[in-house]
Amino acid sequence: MTAAGPTRAERRRNTERRILAAARELFAERGFERTTIRAVASAAQVDPALVMQYFGSKQELFSQAVRISVAGAEDRPRTGGPEALTDSLLASLGMKIGGLPEASLAMLRSMLTHPEAAEAARATLDRQITELAAAMSAGHEADHEAQDAHEAHEAHDARLHAALAVATTVGVTIGHQLLGIEDLRRASPEEIAAALRPALQALVTGGAHGAHSR
């Protein structure tokens, strides 16, 4: 008995996956503005009209291509004291400078020229800042009972320090992966981590202690 071939729905899903893979690679290489539907279709070996039929617009194609990056962009859980949080940040940075997924590269390369990429990056980074700030504060809840009048200041201090720490790792990632800064590319992940550790630990420690010292 001859095995049945793929159904029409299966063929469509396979074609969609092929188009998305091609789009992800081109968006990562060229960014949103310089990537065309025709180029994506050529890379996926389909007709440009089929790309439009499946996705409707370049905007929607981009949204679906980077969705994996946004949905899977969680870094390692940030728990413990300042040293453990610093280790977590450096471990995450090591994974990023070791090579980013194409969906993440597509979002980073496009975020300065394309509003949706910028919004996706902001949402991801804001979530990381919130988690890191919460972990900073949690590390000292047992030692300090916050007064109501100081809670807002403490939250602000933790978020500011968390934002600076996250922005530092983002800057290094962009300099290494997108700009190809020679000194960063020459350095090993271990050398970069060793150089950054004091600054990141100062930010993490300051975020945990700064408000409580008032």
Polar contact flag, side-chain donor to acceptor under 3.5 angstrom, [X]-[Y]:
| X | Y | answer |
| --- | --- | --- |
| E116 | Q59 | yes |
| R12 | T7 | no |
| N14 | R17 | yes |

Under the side-chain hydrogen bond (donor to acceptor under 3.5 Å, both in side chains) test, residues paired with Q53 that sit two or more places apart = none
For E29, enumerate each residue passing the side-chain hydrogen bond (donor to acceptor under 3.5 Å, both in side chains) test, keeping only those at least two apart in sequence or located in another chain.
-> none
Parallel, tilted or perpendicular: which fits the ring planes of F62 and F32, with parallel below 30° and perpendicular above 60°?
-> perpendicular
Looking only at heavy atoms, which two atoms of [X] and [Y] are closest? And how far apart?
| X | Y | value |
| --- | --- | --- |
| V51 | A41 | CG2-CB, 3.8 Å |
| A162 | A133 | CB-N, 3.8 Å |
| T205 | P82 | OG1-CB, 3.4 Å |
| L105 | L178 | CD2-CD2, 3.6 Å |
| P115 | T113 | CD-O, 4.1 Å |

Is a side-chain N or O of [X] found less than 3.5 angstrom from the main chain of [Y], in a donor-acceptor match?
| X | Y | answer |
| --- | --- | --- |
| Q177 | I97 | yes |
| R30 | T35 | no |
| S110 | A106 | yes |
| R24 | A103 | no |
| K96 | A91 | no |
| T124 | A120 | yes |

Mind checking the [atom1]-[atom2] spacing from [X] to [Y]? Nearest 0.5 Å is all I need.
| X | Y | atom1 | atom2 | answer |
| --- | --- | --- | --- | --- |
| D183 | E191 | CG | CD | 11.0 Å |
| Q128 | L89 | CD | CG | 9.0 Å |
| S137 | L132 | OG | CG | 9.5 Å |
| E83 | Q201 | CD | CD | 5.5 Å |
| R18 | R13 | CZ | CZ | 14.5 Å |
| L85 | L203 | CG | CG | 12.0 Å |

Are [X] and [Y] packed together at the side-chain level, in the sense that at least one heavy-atom pair is separated by less than 4.5 angstrom?
| X | Y | answer |
| --- | --- | --- |
| I174 | M111 | yes |
| L93 | L200 | no |
| L90 | T169 | no |
| F55 | L20 | yes |
| L61 | M52 | no |
| T36 | L26 | no |
| V204 | H161 | no |

Can you check side chain to side chain contact (heavy atoms under 4.5 Å, CB included) on I181 and H176, steps first, answer last?
-> CA-CA 6 Å; I181 294 174; H176 187 281; over 6 Å; no
Audit row: R122, E119, salt bridge (charged side-chain N to carboxylate O under 4.0 Å, His left out) steps and yes/no | CA-CA 5 Å; R122 274 193 298 271; E119 182 57 36; 3.0 Å; yes
Take a 6.0 Å sphere around [atom1] of [X] and say whether it holds more than 12 heavy atoms from other residues, nucleotides or ligands.
| X | atom1 | answer |
| --- | --- | --- |
| E182 | CD | no |
| E33 | CD | yes |
| R8 | CZ | no |

Answer yes or no for R109 and F27: cation-pi contact, defined as NZ/CZ to six-membered ring centre under 6.0 Å and angle to ring axis within 45°.
-> no
Start with the C-alpha gap between D126 and R159, add the side-chain angles, then the distance that decides, and say whether side chain to side chain contact (heavy atoms under 4.5 Å, CB included) holds.
-> CA-CA 10 Å; D126 186 66; R159 284 195 64 86; 2.9 Å; yes
D47 with R38: basic N within carboxylate O range, under 4.0 Å | no
